[in-house]
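See structure below.
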Protein chains: 2
Amino acid sequence: MAATATKLEPRGRLSAADWEEAALATLAESGLGTVAVESLARRLGVTKGSFYWHFATREALIKAALERWEKSDEEIVVAQLDAIADPRERLRELFRRVSREMPSHVIYAALMQSLDHPLVRPVMARVSQRRLDVLSLAYRQAGLGRNEAGHRARLAYSAYTGFLQLSLQLGLQRLGHEDFEAYVDHVIATLVPA
Amino acid sequence: MAATATKLEPRGRLSAADWEEAALATLAESGLGTVAVESLARRLGVTKGSFYWHFATREALIKAALERWEKSDEEIVVAQLDAIADPRERLRELFRRVSREMPSHVIYAALMQSLDHPLVRPVMARVSQRRLDVLSLAYRQAGLGRNEAGHRARLAYSAYTGFLQLSLQLGLQRLGHEDFEAYVDHVIATLVPA
DNA sequence: TACATTCCATACGCTCGCGTATTGATTTCG
DNA sequence: CGAAATCAATACGCGAGCGTATGGAATGTA
C-alpha cells in the first residue's frame with residue numbers, strides 16, 4: 001500500500017550501470033538534491049556498503065550518470081534529425097518531439113534546475129550549444145541571415161527550456177493533450193518561417 | 001584584498017528587514033541554497049544569536065524575504081506599465097525592461113532555480129500567473145483572438161524565463177550590450193504583432 | 001572442494017547547518 | 001538613575017549525508 005512505490009528495479013546483484021540508472025530515475029522524479037546514496041540504496045534494496053564498492057564517491061556516480069544521459073541524449077535528440085532535408089519541416093518536427101520522448105526532456109528539465117553544481121553546468125552548456133547549433137543551422141537553411149538565424153535559434157531554445165521549466169517545475173496549468181497540440185501549432189506558426 | 005567582498009551592509013543594530021535584505025542579496029548572488037543563517041550572520045557582522053531573536057527559523061526568514069520581494073516586484077513590473085495605452089508599444093517596452101532593472105530579474109531567476117522548496121513555488125506561481133495575464137491581455141488588445149493571445153503570452157513568457165535561465169544560470173555567451181539590443185529587437189519583431 | 005573475486009551489511013566517525021539555552025551588552029524610558 | 005526591553009555572543013545538542021573500516025555472504029574457477 002506504499003503510496004510512494006519505491007520500485008526496486010533490478011533483482012539480482014547490482015552493477016555500476018544499475019546505480020546510474022537509478023540515479024537518473026530519481027533525478028527525473030525529484031531532482032538532483034534527492035540523489036543521495038543511502039536513499040538510492042533503499043530504492044535498490046541494498047545498503048551503502050554496496051554503493052561504495054561500485055563508486056568512490058557520490059560525485060563519481062553523478063558524473064557517470066551525466067555521461068550516460070548526455071550520450072543517449074546526443075543520439076536521440078540530434079542524430080535521427082539530420083535525416084529531414086527540408087529545414088522548415090525539420091524545425092516543425094523538432095518542436096513536436098518535445099511531446100514525444102518526454103522522459104529525456106524530464107531529465108533535461110531536472111538538470112536545468114541544478115545549474116549550480118560544477119558537474120552539471122558544463123554538461124548542460126555542451127548540450128545547449130549543440131541544440132542551439134542545430135536550430136541555428138536549420139534557420140539558416142530556411143533562408144534567414146546569419147544574425148537572424150542566431151537570434152531566432154536563441155529565442156526558440158529559450159522558449160523550449162522556459163516552457164519545460166514552467167510546465168514541469170512550476171506546474172503551471174498542466175495543459176491537456178488537446179491544448180498542448182494547439183500550443184505547439186502556434187509556436188510553429190510563430191517561430192518557423194513560412 | 002578579500003576577493004569575495006562580503007560587504008557588511010548596515011552598521012548599527014539590526015532589524016528584521018536588514019536580514020531580509022541580506023537574504024535577498026545573497027539569494028541573487030548565489031541562490032537560495034546559500035542563504036544560511038550563519039553565513040548571513042557573518043555577512044552582517046554578527047552571529048546566529050542575533051538572527052534567532054528576529055526570526056524563529058530559517059524558513060520564517062525566507063518567507064518574509066519572499067513576501068518583500070513579491071511586493072516590490074508587483075509594483076515595479078506590473079504597476080507602472082498599465083500607463084502605456086497602445087498594447088503593441090506596451091509589449092515592446094515590456095521586453096526592453098528585461099535589460100533595465102536587472103536586479104529584480106536576477107532574484108526572479110534565482111528563485112526559478114528553487115522551484116522545489118514549498119515556500120518558493122507558490123510565490124512564483126502567482127508571479128508567473130500575473131505576468132501571463134498581463135501579456136495575454138496585451139495580446140488580446142493588440143487584436144489576437146482569445147486562444148491565440150493565450151498561446152502567444154505563454155510563448156513570450158517561456159522565452160523570457162528561458163532566456164534568463166540560459167544567460168544567468170547557464171552562462172551561455174553573455175551576449176554583450178550590443179548584441180543584446182539586437183536580440184531584443186529580433187524578439188520584438190518576432191513576438192509582437194505588427 | 002578450495003580459494004579468489006565480487007558484492008553487500010553493519011558500525012562507526014566526521015562535517016555542516018539548524019535550532020536552543022544562557023548570559024551579556026546596549027538602548028529606552030519611567 | 002535604574003529597570004525594562006531590545007539586540008547580540010557563546011556554547012551546546014541534534015539530525016542528515018558522506019565516507020571508512022571491516023567482516024561476511026555469494027559467485028566464479030582451478
Side-chain angles (χ1 to χ4, degrees), chain A residues 4 6-27 29-66 68 110 113-114 116-120, chain B residues 4 6-27 29-66 68 110 113-114 116-120:
Chain A
T4 54
T6 46
K7 54 198 164 191
L8 346 168
E9 354 237 287
R11 263 295 148 223
R13 318 273 289 276
L14 298 179
S15 72
D18 293 324
W19 287 93
E20 297 168 16
E21 294 293 354
L24 288 176
T26 301
L27 169 66
E29 290 169 10
S30 43
L32 188 60
T34 68
V35 177
V37 335
E38 273 144 317
S39 165
L40 285 177
R42 276 190 300 275
R43 181 197 188 104
L44 292 170
V46 294
T47 66
K48 305 167 44 140
S50 171
F51 177 84
Y52 285 100
W53 190 89
H54 295 284
F55 296 92
T57 164
R58 173 181 182 265
E59 296 294 281
L61 168 67
I62 292 176
K63 187 171 159 65
L66 285 175
R68 174 174 289 260
Q113 290 301 118
S114 299
D116 55 338
H117 200 298
L119 290 177
V120 172
Chain B
T4 53
T6 46
K7 54 198 162 191
L8 346 168
E9 353 238 290
R11 263 296 149 223
R13 316 274 288 276
L14 298 179
S15 71
D18 293 325
W19 287 94
E20 297 168 16
E21 294 293 354
L24 288 176
T26 302
L27 169 66
E29 290 169 10
S30 43
L32 187 59
T34 67
V35 177
V37 335
E38 272 145 317
S39 165
L40 285 178
R42 277 190 298 276
R43 181 196 189 104
L44 292 169
V46 293
T47 67
K48 306 168 42 145
S50 170
F51 176 84
Y52 285 101
W53 191 89
H54 295 283
F55 297 92
T57 165
R58 173 180 182 265
E59 296 294 281
L61 168 68
I62 292 175
K63 187 171 159 63
L66 285 174
R68 172 174 290 261
Q113 291 301 117
S114 300
D116 54 340
H117 201 299
L119 289 177
V120 172

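Keep in mind that this is a model prediction, so the values were computed, not measured. A note on names: the letters A, B, ... follow the listed sequences, proteins ahead of strands, and every chain is numbered from 1.
Considering only side-chain atoms of A:T47, the nucleotide from C:dC8, D:dA8, D:dC18 that sits closest is C:dC8. With C:dC18, C:dC8, D:dT6 as the choices, the nucleotide that has an atom nearest any side-chain atom of B:W53 turns out to be D:dT6.
A:K48 places its NZ atom 17 Å from the C1' atom of C:dC7, with the value rounded to the nearest Å. Atom CZ in A:F51 sits roughly 11 Å away from atom P in D:dT20 (whole-Å rounding). Here C:dC16 presents its C1' atom at 14 Å from CZ of A:R58, a figure rounded to the nearest Å. Protein atom CG of A:L14 is 22 Å distant from nucleotide atom P of C:dT5, rounded to whole Å. B:Y52 has its OH atom 19 Å from the C1' atom of C:dT23, to the nearest Å. Atom pair A:F55:CZ and C:dT6:P shows a separation of 16 Å (rounding to whole Å applied). The distance between atom CZ of B:R42 and atom P of D:dA8, rounded to the nearest whole Å, is 17 Å.
A side-chain contact (heavy atoms from CB on, under 4.5 Å) with A:L40 holds for exactly one of A:L61, A:D18, A:V46; it is A:L61.
Across the interface with DNA chain C, nearest-nucleotide mapping of B:A36 and A:E38 shows A:E38 to be the residue nearer the 5′ end.
Without hydrogens or angle criteria, B:R43 side chain to B:A23 main chain gives no donor-acceptor distance under 3.5 Å. Listed for the B:T34 side chain is a donor-acceptor partner under 3.5 Å among the backbone atoms of B:G31.
Heavy atoms of A:S39 sit nowhere under 4.0 angstrom from any nucleic acid atom.
A donor-acceptor contact under 3.5 angstrom links the side-chain atoms of A:R13 to the base of C:dT6.
Nearest heavy-atom pair, B:V120 versus B:D116, reported as atom, atom and distance to 0.1 Å: CB-O, 4.3 Å.
For D:dG19, the OP1/OP2 oxygens have a side-chain nitrogen or oxygen of A:T57 closer than 4.0 Å. Taking only side-chain nitrogens and oxygens, A:H54 comes nearer than 4.0 Å to OP1 or OP2 of C:dC8.
With rounding to the nearest 0.5 Å, the separation of OG1 in A:T57 from CD1 in A:I62 is 8.0 Å.
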